[in-house]
Amino acid sequence: MNLIRIELRKMKMGWYVRGALIANLIIMGFLWLICYSEKAESGVSFQSTEEAFLIIGTFVRAVFIVFGAVLIAKLVISEYKNKTILVMFTYPISRKKLLTAKLMIAGGLTFITILLSNIFIAAGFFWLNSIYHFIPGELTSEIISQQAIKMAVFAFGAAGTSLVPIFFGMRKHSVPATIISSVVIVMLISSTSPGFSISSVVYIPLSLAAFGLVFSYMAIRNADKQDA
């Protein structure tokens, strides 16, 4: 926990908070734009509240999985690339503990940000819906409780998925490879076809989360064996 606090102070979280807030506003604005345009054409943007929650969650996870990869690139990959991690490896601290702290920050921040962003955007969207009635049906307490559980499960899966790019980034200590791999992953798990959306299948992000944890373990395990 001390290592995590030190890393957070060193990283200066202002850029991340500002980026997350801007991303939330852009997502919300985009969703509102879709609803307004559909309503202007006498159409329905979402068929149900469940579909609205699904679309909101898909947008949020897609954006912040990439944010998670940026965190990994900043906390781990760039320090290997620039050799600044060599200085930290001279401290009387286990390399494994050091990398564990860094990856816990990346995964933990991604999980918290996705969860809070889902709540913030959904609350804003359904408040607007209560005024303009974009979506047919009512938002009941039962739907809210079911969606809250789904949000937590999908947020955990997305946080684990955001760790997968470390496998690609650590191969040649490449920041572009880390971020590009996250974009490719997002494109794959967010793809949809008529009547079916991969993003609605909870087993896919959970499976990718398992891969992310395995790749993180491999990076931590090899820390003592390889030189930066």
Side-chain angles (χ1 to χ4, degrees), residues 1-20 22-23 60-117 154-189 205-228:
M1 295 305 298
N2 286 332
L3 285 172
I4 289 173
R5 283 194 289 269
I6 291 169
E7 284 293 324
L8 286 173
R9 284 200 298 268
K10 186 178 74 173
M11 191 171 63
K12 298 178 182 178
M13 293 299 300
W15 67 272
Y16 183 84
V17 174
R18 286 192 299 271
I22 292 170
V60 170
R61 291 192 298 274
V63 169
F64 290 106
I65 285 174
V66 177
F67 266 61
V70 172
L71 282 173
I72 290 173
K74 187 176 180 66
L75 286 166
V76 181
I77 307 301
S78 62
E79 291 205 358
Y80 268 101
K81 184 177 180 63
N82 299 329
K83 306 295 183 181
T84 53
I85 204 165
L86 281 173
V87 178
M88 303 189 74
F89 283 168
T90 61
Y91 298 161
I93 302 170
S94 168
R95 293 184 180 188
K96 293 180 180 179
K97 287 184 179 180
L98 184 60
L99 285 180
T100 299
K102 288 176 176 289
L103 292 175
M104 285 179 68
I105 290 171
L109 279 177
T110 302
F111 173 79
I112 293 169
T113 308
I114 288 174
L115 203 56
L116 293 178
S117 297
F154 275 103
F156 174 80
T161 302
S162 70
L163 298 175
V164 173
I166 195 172
F167 172 77
F168 303 96
M170 287 293 285
R171 300 188 71 176
K172 292 186 178 180
H173 301 157
S174 171
V175 171
T178 306
I179 297 174
I180 290 171
S181 63
S182 71
V183 175
V184 172
I185 290 169
V186 164
M187 291 173 63
L188 291 175
I189 65 175
L206 290 179
S207 300
L208 286 171
F211 280 111
L213 293 174
V214 170
F215 293 150
S216 299
Y217 170 75
M218 289 169 59
I220 293 168
R221 186 191 62 182
N222 295 331
D224 290 330
K225 300 178 182 179
Q226 58 183 190
D227 294 325

Rounded at 0.5 Å granularity, tell me how far [atom1] in [X] sits from [atom2] in [Y].
X: Leu3; Y: Lys97; atom1: CG; atom2: NZ; result: 8.0 Å
X: Ile220; Y: Lys96; atom1: CD1; atom2: NZ; result: 9.5 Å
X: Leu75; Y: Ile72; atom1: CG; atom2: CD1; result: 8.5 Å
X: Arg5; Y: Asn2; atom1: CZ; atom2: CG; result: 4.5 Å
X: Ile166; Y: Leu71; atom1: CD1; atom2: CG; result: 12.0 Å
X: Lys102; Y: Lys74; atom1: NZ; atom2: NZ; result: 10.5 Å

Practice task
Could you please spell out the steps behind the side-chain contact (heavy atoms from CB on, under 4.5 Å) verdict for Leu8 and Ile105?
Solution key: CA-CA 8 Å; Leu8 286 173; Ile105 290 171; 3.8 Å; yes

Of all the heavy-atom pairs spanning [X] and [Y], show the shortest one and how long it is.
X: Ser216; Y: Leu103; answer: CB-CD1, 3.7 Å
X: Ile77; Y: Val175; answer: CG2-N, 3.8 Å
X: Leu163; Y: Gly107; answer: CD2-N, 4.2 Å
X: Thr110; Y: Ala106; answer: OG1-O, 2.7 Å
X: Ile114; Y: Ala155; answer: CG2-CB, 3.8 Å

Answer whether the closest heavy-atom distance between the side chains of [X] and [Y] falls below 4.5 Å.
X: Val76; Y: Thr178; result: no
X: Met218; Y: Met170; result: no
X: Leu98; Y: Glu7; result: yes
X: Phe215; Y: Val164; result: yes
X: Val70; Y: Trp15; result: yes
X: Met11; Y: Leu109; result: yes

Exercise for the section: Check salt bridge (charged side-chain N to carboxylate O under 4.0 Å, His left out) between Lys12 and all other residues, then give those that pass, not counting sequence neighbours. Expected result: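 Salt bridge (charged side-chain N to carboxylate O under 4.0 Å, His left out) list for Lys12, sorted by chain: empty.
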
Practice task
Ignoring hydrogens and angles, tell me if any N or O in the side chain of Ser162 forms a donor-acceptor pair with the backbone of Ala159 under 3.5 Å.
Solution key: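 Checking the backbone N and O of Ala159 against the side chain of Ser162, a donor-acceptor pair under 3.5 Å is found.
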
Handout entry: CZ (Phe211) with more than 12 external heavy atoms under 6.0 Å
Key =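 Open.
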
Problem - Partner of Leu188 under side chain to side chain contact (heavy atoms under 4.5 Å, CB included), chosen from Ile185, Val184, Val186 - result: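 So, applying the side chain to side chain contact (heavy atoms under 4.5 Å, CB included) to Leu188 and each of Ile185, Val184, Val186, only Val184 qualifies.
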
